[in-house]
Asker: 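Handing you this structure, nothing more for now.
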Amino acid sequence: DGRFGPGLPAISDGQMLFMLNGVKKLKDGSGRMAIIQNGSSLFTGDAGSGASEIRRYLIHGDFVEAIVQLPTDLFYNTGISTYIWVLTKGKPMHRSGWVQLIDASHCFEPRRKSIGTKRNDITDACRELIVTAYGEFANGKVYSDKNGIYCESKVFESVEFGYNKIVVERPQRDEAGNVILKRGKPVLDTSLRDTENVPLVQDIDAYFAREVLPYAPDAWIDHSKTKVGYEIPMTRYFYEYQAPEAVEDIVARITALEQDISAGLAELFHKEG
């Protein structure tokens, strides 16, 4: 019951309680707040845990309007990435059922002189890009040039962040490789137990037939242990594949370094001689 009814996070990380407290105080129909959190609020906690249940409450309740990933090194005493959660009890119709993610990790200018771990600043130009991205609510749009200061917006249905965590069981086998039965049912081997996270938008049985049975034909799902979880894998949604450096280029760079080291050693020993 009460403001913390949706769930309790780990004792070591109470920041999501501040989020629930803020949501509780929002005015119905029009309240809006922005709160800065670290990355743990996005994904910590297994399915069914307090943290996951809080995310489930916020997302399923359609309170999450947008999440903005900020650059690193913005604060005096920490260099970690931080995130602005924009929460509301009055989503406009075109945002209802959707969550906007904004990657603004490239929206900064380096400081000429750092203050502790604060090495970057969000300038007025950076803020303008972020606010424009938030206001336009566009999916897959990049604001400004990716070779410089920019941010990117993506929009997802709320159900995208949910998953069913299923427990996959396997049977014990005797020395001859036969399944051990007890009262006509296979005896499970707990050492072979595994789990799979199945997106809520996918059918569990179809996923199991496609992703598990081809590799473990004797496996089955213990449906009594299925739990619903919610997470927001921000990094995965904005990941861009970068081809690895060509082997030839790596070899050439190593060869050049070896030659430089050899020349330095030769010069050193020549001087000593």
Asker: If you apply the rule salt bridge (Lys or Arg N to Asp or Glu O under 4.0 Å), what do you find for R119 with E109, and how did you get there?
Answerer: CA-CA 9 Å; R119 300 180 179 88; E109 288 189 2; over 6 Å; no

Asker: Quick one: CG on L200 to CG on N197, what's the gap to the nearest 0.5 Å?
Answerer: 10.5 Å

Asker: Can a side-chain donor-acceptor contact be found between T82 and N38 if the only test is distance below 3.5 angstrom?
Answerer: no

Asker: Counting distance only, does the side-chain N/O of S158 pair as donor-acceptor with the main-chain N or O of H60 below 3.5 Å?
Answerer: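 Flag not set: sc S158 to bb H60 has no pair under 3.5 Å.
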
Asker: On a heavy-atom basis, which atom in Q100 and which in A133 lie closest, and how many Å separate them?
Answerer: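 In this case the closest contact between Q100 and A133 is NE2-O, 2.9 Å.
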
Asker: Which word best sums up how the rings of H106 and Y150 line up, parallel for under 30°, tilted for 30 to 60°, or perpendicular for over 60°?
Answerer: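 Plane angle under 30°, so parallel.
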
Asker: Can any side-chain N or O of D145 pair as donor or acceptor with the backbone N or O of G148 at less than 3.5 Å?
Answerer: no

Asker: With a 4.5 Å cut-off on side-chain heavy-atom distances among I, L, V, M, F, W and Y, is there a chain of contacts connecting V201 to L101?
Answerer: yes

Asker: Compute whether any side-chain donor of one residue and acceptor of the other, for E136 and S153, lie under 3.5 angstrom apart.
Answerer: no

Asker: Write down the atom of L20, the atom of G7, and the distance for their closest heavy-atom approach.
Answerer: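 Where L20 meets G7 most closely, the heavy atoms are CD1-O, 3.9 Å.
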
Asker: Taking all non-hydrogen atoms of both residues into account, name the closest pair between L74 and K118 and its distance.
Answerer: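 Closest approach of L74 to K118: O-NZ, 3.0 Å.
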
Asker: NZ of K165 to OG of S52: how many Å apart, nearest 0.5 Å?
Answerer: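 Answer rounded to 0.5 Å: 10.0 Å.
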
Asker: Return the minimal non-hydrogen interatomic distance between P171 and L192, and the atom names on each side.
Answerer: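 Heavy-atom minimum between the residues: O-CD1, 4.1 Å.
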
Asker: Has the side chain of E152 got a donor or acceptor atom that lies under 3.5 Å from a matching backbone atom of N139?
Answerer: no

Asker: Quiz question: by atom type and distance under 3.5 Å, do the side chains of Q15 and S41 form a donor-acceptor pair?
Answerer: yes

Asker: Okay, side chain of R55, backbone of Y230: is any donor-acceptor separation there less than 3.5 Å?
Answerer: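 Looks like yes, one N/O pair under 3.5 Å.
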
Asker: Could you tell me the separation between the CD1 atom of I130 and the CD1 atom of I102, rounded to the nearest 0.5 Å?
Answerer: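 Between I130 CD1 and I102 CD1, I get 7.5 Å after rounding to 0.5 Å.
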
Asker: Does T88 use its side chain to pair, donor to acceptor, with the backbone of G31 at less than 3.5 Å?
Answerer: yes

Asker: Answer yes or no for R95 and F156: cation-pi contact, defined as NZ/CZ to six-membered ring centre under 6.0 Å and angle to ring axis within 45°.
Answerer: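 Verdict for F156: no cation-pi partner in R95.
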
Asker: Would you name the heavy atoms of T78 and T117 that are closest together and state the gap between them?
Answerer: N-OG1, 3.0 Å

